J.: 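Here it is, the structure, as structure tokens.
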Protein chains: 2
Amino acid sequence: MNRLGRDPMYQQIADALRAQIDVGSLEPGAKLPTEAEMRDKYGVSRETVRKALALLVNEGLIVSARPQGHFVRRRQPMVFRPQAEFRKRPWSPEMDAFVTEYSAEGREPRQEIEVAIVEPPADVAKRLHLESGELVAVRKRVRYLDGEPFNINDSYFPLNLVRDSEIMRPEDIGRGANEVLAELGYRQVRALDELYVRMPTPDETHRLDLGPGTPVAYHIATGHTEEGKPVRVAITILPGDRHVISYERRREIPSEEA
Amino acid sequence: MNRLGRDPMYQQIADALRAQIDVGSLEPGAKLPTEAEMRDKYGVSRETVRKALALLVNEGLIVSARPQGHFVRRRQPMVFRPQAEFRKRPWSPEMDAFVTEYSAEGREPRQEIEVAIVEPPADVAKRLHLESGELVAVRKRVRYLDGEPFNINDSYFPLNLVRDSEIMRPEDIGRGANEVLAELGYRQVRALDELYVRMPTPDETHRLDLGPGTPVAYHIATGHTEEGKPVRVAITILPGDRHVISYERRREIPSEEA
DNA sequence: TTGTAGCCATTGTCCAGTCAATGCGGCCAA
DNA sequence: TTGGCCGCATTGACTGGACAATGGCTACAA
């Protein structure tokens, strides 16, 4: 380990550790050497070692647990399948097997629900075709698995559609909010999903108890009725280290064309 | 700005800057104060200012351009629509409008193609149901827009299906590799998409010229024939700051159930 | 006008140190 | 045995400094 290979020292140290993690000589959950040990081993100052570690933390490869040391991160994703709301059972044997493989079997789910009437955020207002000043009902849910927060799901509905309905009550709706909306005469037949990948905001970091180096998927689904009226926008924040998002697709039947 | 609000100083400084960016008083492209200016303004050492800036860089909010200073990052995502390969024209007017809004109009696309015969990575081998030792053909593509790398797309095919076919030639296939596969008797009718969100590997960072604080989506699509035989795995790496991924969904026709 | 050498503001890298915070483990008392 | 206190190893926060690297700008030369 020297300066001739002209990467900065902290890069070289990070690379060395990353290689050990990739190769498996440092397994998930394993403890890294302490900062002091690495300082002596590489002959640099502690701050330089810390910079190398900070790099890996930001890459999501390791976590620090003061004062125990640094550890290789463990991962165990669970499936998020947006299509499930329109189709409980997968079409294909492939998807069936996939969902089974990643199921959260044996883990204990829980959710907290909160309902409010608010002015919609700009992106929601736009997708619901609302004039400025029109209000929305929002059902905010935080979902937990084994006591750990797993994702945030906020569903927005135009207030004039759902006022006084079951949707306004902060309880679990067994048959689903979509079904309630359908009973009110607004059955969704199509949805448009958008997925953005970015680093979390500080608020998201806090609400989801995210470690540094954990990106999130920002999933925004807009549900439309047969007539094309948007009646629901659902925003889900999915921490990258706890989820796989999956879709199944099928080739169109030729007669499908306009 | 003081220590009483017990967040560390570098957090407070980062928060102050983040607020200015959120509120828009620092617009995309704007130059931040220099480190020396902030050191004086907040009465801390330069290293502490740098730690605050490093935070924002890792959040993807700012970039540093030595020696010009730090700047608020610009974003301009384009649409990635996996369903396009089975369905050129969107179903719904909503998706149509969405694709139009984010189109890459006026920008100049280019791609580099490379073909090789390799042992498949473990995740590919598993999805193609290959025994260990079986080889695959891989078409590696890097797509550019206006000279900037935009995404990486590697498509894997079981070698025994595509040997000597057009797929092995490192040129653009106008009608698509899927069509060639169909002509060979392996028409894909279903696909299973998985999306993972994570920080890029150093290799991806290099190939896509990613700045720090840019997460990626790892999109892995497995195409199946009518009989359920997997014939293609496509892996796409999508930098989070340059893409929106979108899907459209439709409620099933009731008779669809098994 | 064009090229170029060098100045310089700015960020990048690194050091050697101080003091604070944290949580585990062991010691001791009830 | 149990419970609480405390020491200690370890990471976190921060300082004030040094020198390197970079790229734009200016002034001067061709």
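Every chain is numbered from 1 and lettered A, B, ... according to where its sequence line falls, protein lines coming before strand lines. For clarity, every value in this text was computed on a predicted model and none was experimentally measured. Just so you know, these numbers use all the heavy atoms, side chains as well, and skip hydrogens, waters and symmetry mates.
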J.: Looking only at side-chain N and O atoms, does A/Asn153 offer a donor or acceptor that is under 3.5 Å from a partner on A/Thr236?
T.: yes
J.: On the side chain of B/Glu47, is there an atom forming a donor-acceptor pair with the base of C/dC14 - under 3.5 Å, no angle test?
T.: yes
J.: Taking only side-chain N and O atoms of B/Thr48, does any of them lie within less than 4.0 angstrom of OP1 or OP2 on D/dT15?
T.: yes
J.: Indicate whether OP1 or OP2 belonging to C/dG12 is found under 4.0 Å from a side-chain N or O atom of B/Arg50.
T.: yes
J.: Nearest whole angstrom, please: distance from the C1' of D/dA13 to the CG of A/Leu53.
T.: 16 Å
J.: Rounding to an integer number of Å, can you tell me how far A/Tyr42 OH sits from C/dT13 P?
T.: 18 Å
J.: Give the residues of residues 28-36 of chain A touching DNA chain D, defined as any heavy atom closer than 4.0 Å, sorted by residue number.
T.: A/Thr34, A/Glu35
J.: Quick one, A/Arg73 with A/Thr214, criterion side chain to side chain donor-acceptor pair (under 3.5 Å). Give me CA distance, side-chain angles, the key distance, then yes/no.
T.: CA-CA 11 Å; A/Arg73 190 156 173 179; A/Thr214 308; 2.6 Å; yes
J.: Answer yes or no: side-chain N or O of B/Arg39 and base N or O of D/dG16 forming a donor-acceptor pair under 3.5 Å.
T.: no
J.: In whole angstroms, how far is the C1' atom of C/dT11 from the CZ atom of B/Arg46?
T.: 6 Å
J.: Within a 6.0 Å radius of atom CD on B/Glu101, are there more than 12 heavy atoms belonging to other residues, nucleotides or ligands?
T.: yes
J.: Which residues in residues 57-71 of chain B have a heavy atom closer than 4.0 Å to any atom of DNA chain C?
T.: B/Ser64, B/Arg66, B/Pro67, B/Gly69, B/His70
J.: Please report whether the ring centroid of A/His243 lies less than 6.0 Å from that of B/Tyr196.
T.: no
J.: Measuring from the side chain of B/Met9 (C-beta onward, heavy atoms only), which nucleotide among D/dC14, C/dT13, D/dT11 has the closest atom?
T.: D/dC14
J.: Quickly, which of B/Arg232, B/Arg141, B/Arg139, B/Lys140 forms a salt bridge (Lys or Arg N to Asp or Glu O under 4.0 Å) with B/Asp154? Name it, please.
T.: B/Lys140
J.: What's the shortest heavy-atom distance between A/Tyr218 and A/Ile237, and which atoms?
T.: CD1-CD1, 3.5 Å
J.: Are there over 12 heavy-atom neighbours, none belonging to A/Lys41, within less than 6.0 Å of that residue's NZ?
T.: no
J.: Look at the side chain of B/Ser45 and decide which nucleotide, out of C/dT11, C/dC15, D/dG16, has an atom nearest to it.
T.: D/dG16
J.: Determine whether A/Leu17 and A/Met38 make a side-chain contact, defined as any pair of heavy atoms from C-beta on separated by less than 4.5 Å.
T.: yes
J.: Can you check whether A/Tyr10 has a side-chain N or O nearer than 4.0 Å to OP1 or OP2 of C/dC14?
T.: no
J.: Verify the contact: side-chain N or O of B/Lys51 to OP1 or OP2 of D/dA13, cut-off strictly under 4.0 Å; return yes or no.
T.: yes
J.: What do you reckon, is CD of A/Glu171 surrounded by more than 12 foreign heavy atoms closer than 6.0 Å?
T.: yes
J.: Find the distance B/Gln11:CD to D/dC14:C1' and express it as a whole number of Å.
T.: 14 Å
